[in-house]
Asker: 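Sharing a structure with you now.
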Amino acid sequence: MKKRKSIEQVEESNELAPKFDSNGLIPVVTTDFSSGELLMQGYMNEEAFKKTISLGEAVYFF
């Protein structure tokens with residue numbers, strides 16, 4: 001992951017630069033693939049975020 005430098009980097013580039021809050025967390029939502037129904041809201045820390053990317057399935061912070 002890249003360190004955030006600008007809005008353009010986040011909105012217009014291919015660099016992944018999530019914005020974690022002061023507790024090191026980022027909010028995430030899980031939706032049903034077919035209906036789009038909201039199933040849950042949770043949080044990921046950097047470790048959970050990296051595992052989610054490497055595994056291809058959601059890993060949450062708890």
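Heads up: numbering here begins at 1 and tracks the sequence.
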Asker: Can you tell me which residue among Met44, Glu57, Glu47 is in a side-chain contact (heavy atoms from CB on, under 4.5 Å) with Thr52?
Answerer: Met44

Asker: Count I, L, V, M, F, W, Y as connected when their side-chain heavy atoms are under 4.5 Å apart, and connections chain through other members. Are Ile26 and Met40 then in the same cluster?
Answerer: yes

Asker: Spell out, yes or no, whether Phe20 and Ile53 are grouped together once hydrophobic residues are joined by side-chain heavy atoms under 4.5 Å, including indirect joins.
Answerer: yes

Asker: Hey, any chance Phe49 and Tyr60 share a hydrophobic cluster, counting ILVMFWY side chains that come within less than 4.5 Å of each other, even indirectly?
Answerer: yes

Asker: Are Val29 and Phe62 connected into the same hydrophobic cluster when the rule is that any two of I, L, V, M, F, W, Y join if their side-chain heavy atoms are below 4.5 Å apart?
Answerer: no

Asker: Flag the pair Tyr43 / Asn23 as yes when at least one side-chain heavy-atom distance between them is below 4.5 Å, and no otherwise.
Answerer: no

Asker: Taking all heavy atoms of Leu38 and all of Thr31, pick out the closest pair and write down the distance.
Answerer: CA-CG2, 4.2 Å

